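See structure below.
Below, read A as the first sequence line, B as the second, and so on, with proteins coming before strands; counting in each chain starts at 1. Note: hydrogens, waters and symmetry copies are ignored here, and every other heavy atom, side chains too, is used. Because the structure is a prediction, the values reported are computed rather than measured.
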Amino acid sequence: MKRNVISSLISTDLVGQSVTVCGWVRTFRNDQFLAVNDGSCLQNLQLVLDRDATDESLRKLLTTGAAIRATGQLVESQGGGQATEVKVEEVEVLGAADPDEFPIQMKRHTMEFLREKAHLRFRTSTFSAVFRLRHALQFAIHDFFNSDGFYMLHTPIITGSDAEGAGEMFKVSTSDPDQEFFGKPVNLTVSGQLEAELGAMALGKVYTFGPTFRAENSNTSRHLAEFWMIEPEVAFNDLSDNIDLAEACLKHVLRYVLEHNLPDLEFLANREAEAEKQLPADKRNATGLIERLRSVTEGAFVRLTYTEAIDLLRQSKPFKKKKFKYPVEWGVDLQSEHERWLVEKKFNCPVVLTDYPAGIKAFYMRRNDDGKTVAAMDVLVPGIGELIGGSQREERLEVLKEKCAEFNIPEDHIWWYLDTRKFGTAPHAGFGMGFERLVMFATGMTNIRDVIPFPRAPQSAEF
RNA sequence: UCCCCCAUAGCUCAGCUGGUUAGAGCGACUGACUGUUAAUCAGUAGGUCCCUGGUUCGAGUCCAGGUGGGGGAGCCA
């Protein structure tokens, strides 16, 4: 079906030409003005019908949600809200939408309501903007790594690896659970990292960008059972290189959307500002969405060690006034309240925490010379918390074997992983970035279920 | 998994100390108007008060259990 996409018609470039538009009706005002959206951009195109020349039975079908095709001349708009409009010569309803039943009406809906209508919520401005941005962000990520000489590696989704310790796993079986198709128990992957390391030890710079599955019973606005993760892994990088990479990557992708998706971002910024009017002052963001993104692309990330963070927290006002619910002392993991204070109160910008106590981090992280800490890094951002977690990997075979023993990981389960330390081992580092958390940060959406088309969470797998 | 809150019209909500025929705004529909921008104005329709059980002369309202949703915590990305 030959058509002109609306994104090409909202500027005056094609004024005077005959155009064909396909899309879905947002509103129909005065029996005359048809606002149509085709998903190519945030903006609707205004179609102007000649009331007398339009059949009444046809007009009755032009309701919110109906799919239509129209042809006519693109002209400069006589009204104020838009640069162009189409003087319709012919309009056809491709698919009606019974207004008694179509749930997405031209009024404010709550996110909770739309989440239950996930198959139709793309029809709203908010969700079409979110999913255009989701696309742009994933493109920018591939663009960033490709430009930097990385190779994308497809790591397995079904895996027999059970030693990673990243979380509870989903078992995979055939419809006959007794039949062991792979000859051993297998799971859905919780991370592509270990396999990515294997690739990095030959290809140099690799990354994975794939689905990840966690069977944790997590009921929060920041967790999903199925989510997408970006995991670069780079040979010969140390922790400091790793932080540089994470910072450059975040800056690149946010710059990309600020440059290419500004109308969607402005719409979402506005939406957020409106939504926050309902909130008490202390729950609102200190700055608007666009300013928050700019502060990341323009400012340097604060870097400090876990030990320094503990010192800062112990000197903080909430600590002295005993406002923290959880203890702050060297050796315990930082809680959300502590991370929030550092990121949102103390620095108000992304904060990279490094060199955590070995006991609270994964087995593969490189032991520091002090013997107590590991070369780990977490990137915390305002409003989200942990966006990135990574480390320099333990490349020394003997140390890694000690760590396996400490973490009760049988060596024969990850013999292939240990082999990379046996044959031509080298320093290397990498991180994992939760893609949905990135989309949350970039869009200002506050529930992770609203930045993935069809969320999977405990007790929730509709669609 | 734990703590707190919520469930009444298509949507967002009100409904007092248990008491007559269940309320509003928005949306939808009908009509008027016709260069509108979530148009405007007038009118109309629309209810398994989440489910099960209990207390009571009487339950939307009180109690118990369940289901669903939200916020926070833990786990993490």
query: Considering Watson-Crick and G-U wobble pairs with both distances under 3.5 Å, what does B:U12 pair with?
result: B:A24

query: Contact class for A:I388 (heavy atom, under 4.0 Å): base, sugar-phosphate, or nothing?
result: sugar-phosphate

- line: Per atom distances to the A:K60 side chain, the nearest of B:A73, B:U34, B:U30 is B:U30

query: Whom does B:G46 pair with, Watson-Crick or G-U wobble, provided both distances fall under 3.5 Å?
result: none

task: Among the candidates B:C75, B:G35, B:A28, find the nucleotide nearest to the side-chain atoms of A:D100.
output: B:A28

message: Determine whether a donor-acceptor pair (one donor, one acceptor, N or O, separation below 3.5 Å) exists between the side chain of A:H223 and the base of B:C76.
response: yes

task: Tell me what A:E85 touches on the nucleic acid: a base, only sugar-phosphate, or nothing, going by heavy atoms under 4.0 Å.
output: base

query: Which of these nucleotides, B:U12, B:C29, B:G35, is closest to any side-chain atom of A:F113?
result: B:U12

Name the pairs: protein N/O against N/O of nucleotides 37-45 of chain B, kept only if under 3.5 Å.
unit_1, atom_1, unit_2, atom_2, d
B:U37, O4', A:R29, NE, 3.4
B:U37, O2, A:Q82, OE1, 3.2
B:U37, N3, A:Q82, OE1, 3.3
B:U37, N3, A:Q82, NE2, 3.3
B:U37, O4, A:G80, N, 2.8
B:U37, O4, A:G81, N, 3.4
B:A38, N6, A:R108, NH2, 3.3
B:A39, OP2, A:R29, NH1, 2.3
B:A39, N7, A:N30, OD1, 2.8
B:A39, N6, A:N30, OD1, 3.3

- prompt: Contact class for A:P99 vs. all strands (heavy atom < 4.0 Å): base, sugar-phosphate, or nothing?
  reply: sugar-phosphate

query: Contact class for A:N217 vs. all strands (heavy atom < 4.0 Å): base, sugar-phosphate, or nothing?
result: base

- request: Please state whether the base of B:C76 and the side chain of A:S218 form at least one donor-acceptor pair under 3.5 Å?
  value: no

message: Side chain of A:N219 only, heavy atoms from C-beta on: which candidate in B:C75, B:A73, B:U36 is closest?
response: B:A73

query: Counting side-chain heavy atoms from CB outward, which of B:G31, B:A73, B:G70 is closest to A:S336?
result: B:A73

No-hydrogen, no-angle side-chain donor-acceptor test under 3.5 Å, A:S316 and A:W341: no

- request: Searching all strands shown, indicate the nucleotide that pairs with B:G65 (Watson-Crick or G-U wobble; both distances under 3.5 Å).
  value: B:C51

- prompt: Taking the side chain of A:Q105 as its heavy atoms from C-beta onward, which of B:G27, B:U34, B:G69 lies nearest to it?
  reply: B:G27

Out of B:C11, B:G70, B:A28, whichever nucleotide has its closest atom nearest the side chain of A:H109: B:C11

- line: Side-chain atoms of A:T220 come closest, of B:G74, B:G31, B:C75, to B:G74

message: Of the listed nucleotides (B:G68, B:G31, B:A28), which one gets closest to any side-chain atom of A:Q459?
response: B:G68

- prompt: Thinking salt bridges, do A:E272 and A:R292 make one under a 4.0 Å N-O criterion?
  reply: yes

- prompt: Base, sugar-phosphate, or nothing for A:N44, non-hydrogen atoms under 4.0 angstrom?
  reply: nothing

statement: The Watson-Crick or G-U wobble partner of B:A59, with both key distances under 3.5 Å, is none

- request: Report which part of the nucleic acid A:Y326 touches: base, sugar-phosphate, or nothing (heavy-atom distance under 4.0 Å, all strands).
  value: sugar-phosphate

